[in-house]
Amino acid sequence: MTLSAGADSLVDRLLADPPAVHAMAADDDAAIGLWSTGRDCYMLLAEAAGPATRSLETGSGLSTVLLTALGAQHTCVTPSHDEARRIKAFCVARGIDASSLTFRIGASDEVLPTLAGEPPLDLVFIDGGHGFPTPMIDWYYAGGRLRSDGLLVLDDVALPAVAQLCAFLDADPRFAADRRTAKWASYRRTGHGSLRQDWFEQPFFTPTSINWRDIPTRALRKAQRTLKGRVP
């Protein structure tokens, strides 16, 4: 799908006037801001989305508003009622039709398995919990619902658990690398259906195929550099 001028403009409008969604400090209820990804990632999401798109994300934020404004049939999985409330209020205040947006409140490892029988997805954005093994759980359940050639996008690839998931996906023939930056990565699903496999179905996954030992150190260094430049 080619990015329309309207979608391009929408991304820039939201970046200039972003929703305040996230609690930035645990001990300060007034410190509400936004953890965000790069403009190029939002542009990719906008390129992939439209009124006919079925999308799902773990975590919430500007991406939730963007996909909603583009008319996608969007499901946002977040444990925070407050984040959902703030996003809905932002959409009302900006005249964004949120009728295509559904919030599923709860931890992704509890919510995603309950959605297994729902229709296939065109787009999955994983940007919820980043501690091991949450990104893998999100990939397993949400990525398992991707249609063939559906788009999987992972944010914060410098963090250790996400870096390990990317290293696995780079070797997994069920996914084809699409784009990558120091902040995020995207993959295309080459098949469809459940991602369940036994060890003997993964000849690509060997002790020498992925240098797991080196990933956390490299990922931690990248994460430290990334977080220094991250602006609420």
Side-chain angles (χ1 to χ4, degrees), residues 7 10-11 13-15 17-26 29-37 41-42 44-46 48-131 133-147 150-156 162 184 186 232:
L10 174 62
V11 170
R13 289 202 308 274
L14 291 176
L15 286 171
D17 177 30
V21 176
H22 305 119
M24 310 304 287
D29 292 339
I32 305 299
L34 180 73
W35 293 117
S36 59
T37 188
C41 187
Y42 294 125
L44 174 65
L45 296 176
T53 304
R54 289 188 178 275
S55 56
L56 181 146
E57 70 178 321
T58 56
S60 67
L62 191 149
S63 54
T64 315
V65 177
L66 173 63
L67 292 167
T68 301
L70 289 167
Q73 301 300 305
H74 187 57
T75 299
C76 176
V77 179
T78 173
S80 174
H81 287 278
D82 288 337
E83 291 180 9
R85 175 182 53 79
R86 291 168 190 143
I87 288 172
K88 289 178 181 177
F90 181 89
C91 288
V92 170
R94 301 305 189 279
I96 297 171
D97 180 4
S99 60
S100 64
L101 171 62
T102 300
F103 282 101
R104 300 288 187 139
I105 305 299
S108 60
D109 60 296
E110 296 176 344
V111 172
L112 289 175
T114 71
L115 308 182
E118 297 195 359
L121 297 167
D122 304 295
L123 170 64
V124 169
F125 183 41
I126 295 178
D127 192 22
H130 294 91
T134 302
M136 290 73 168
I137 294 171
D138 293 355
W139 160 78
Y140 181 79
Y141 285 107
R145 288 179 55 203
L146 275 172
R147 62 168 174 81
L151 185 66
L152 172 70
V153 184
L154 311 175
D155 195 30
D156 292 315
V162 188
W184 56 270
S186 62

Inset, instruction - Run the numbers on Leu67 and Leu123 for side chain to side chain contact (heavy atoms under 4.5 Å, CB included), then give the verdict. - result: CA-CA 10 Å; Leu67 292 167; Leu123 170 64; 3.8 Å; yes
Inset, instruction - I would like to know whether Thr37 and Ser63 meet side chain to side chain contact (heavy atoms under 4.5 Å, CB included); could you show each step before the answer? - result: CA-CA 9 Å; Thr37 188; Ser63 54; over 6 Å; no
Inset, instruction - Step by step, work out the side chain to side chain contact (heavy atoms under 4.5 Å, CB included) result for Leu14 and Phe90. - result: CA-CA 11 Å; Leu14 291 176; Phe90 181 89; 4.0 Å; yes
Legend entry - Criterion side chain to side chain contact (heavy atoms under 4.5 Å, CB included) on Val124 and Arg145, from CA distance to verdict: CA-CA 9 Å; Val124 169; Arg145 288 179 55 203; over 6 Å; no
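One side chain, Ser99 or Asp97, offers a donor N or O that lies under 3.5 Å from an acceptor on the other. A donor and an acceptor atom, one from each side chain of His74 and Ser55, are located under 3.5 Å apart.
A donor-acceptor pair under 3.5 Å is absent between the side-chain atoms of Arg54 and the main chain of Gln73, judged by distance alone. A donor-acceptor pair is defined here as one N or O able to donate and one able to accept, closer than 3.5 Å; such a pair exists between the side chain of His130 and the backbone of Gly128. Ser100 contributes a side-chain N or O that, together with a main-chain N or O of Ala72, makes up a donor-acceptor pair within less than 3.5 Å.
If you take CG on Leu10 and CZ on Arg13, they are separated by 5.0 Å, rounding to the nearest 0.5 Å. A distance of 6.0 Å separates CG of Leu56 from CG of Leu112, quoted to the nearest 0.5 Å. Summarising the geometry, atom CG belonging to Asp127 is positioned 9.0 Å from atom OG belonging to Ser60; distances are rounded to the nearest 0.5 Å. A distance of 10.0 Å separates CH2 in Trp35 from CG in Asp156, rounded to the nearest 0.5 Å. Interatomic distance, Trp139 CH2 to Leu154 CG, rounded to the nearest 0.5 Å: 10.5 Å.
Residue Asp138 comes nearest to Ser108 through the heavy atom pair OD1-OG, 2.6 Å, listed as atom of the first residue, atom of the second, then distance. Smallest separation of non-hydrogen atoms from Thr64 and Gly59: OG1-O, 4.4 Å. Smallest separation of non-hydrogen atoms from Leu34 and Pro18: CD2-CB, 3.7 Å. The shortest non-hydrogen separation linking Tyr42 to Leu66 is O-CD2, 3.4 Å. What you find for Ala52 and Asp122 is that their closest heavy atoms are O-OD2, 3.8 Å. Taking every heavy atom of both residues into account, Ala142 and Leu121 meet most closely at O-CD1, 4.0 Å.
Contact annotation: the side chain of Asp17 approaches that of Arg94 to within less than 4.5 Å [non-hydrogen atoms, C-beta and beyond]. Residues Ile87 and Leu101 are in side-chain contact: their nearest non-hydrogen atoms beyond the backbone lie under 4.5 Å apart.
In this view, Ser186 and Leu44, Leu151, Val153, Asp178, Arg179, Trp184 satisfy the side-chain contact (heavy atoms from CB on, under 4.5 Å) rule, not counting sequence neighbours.
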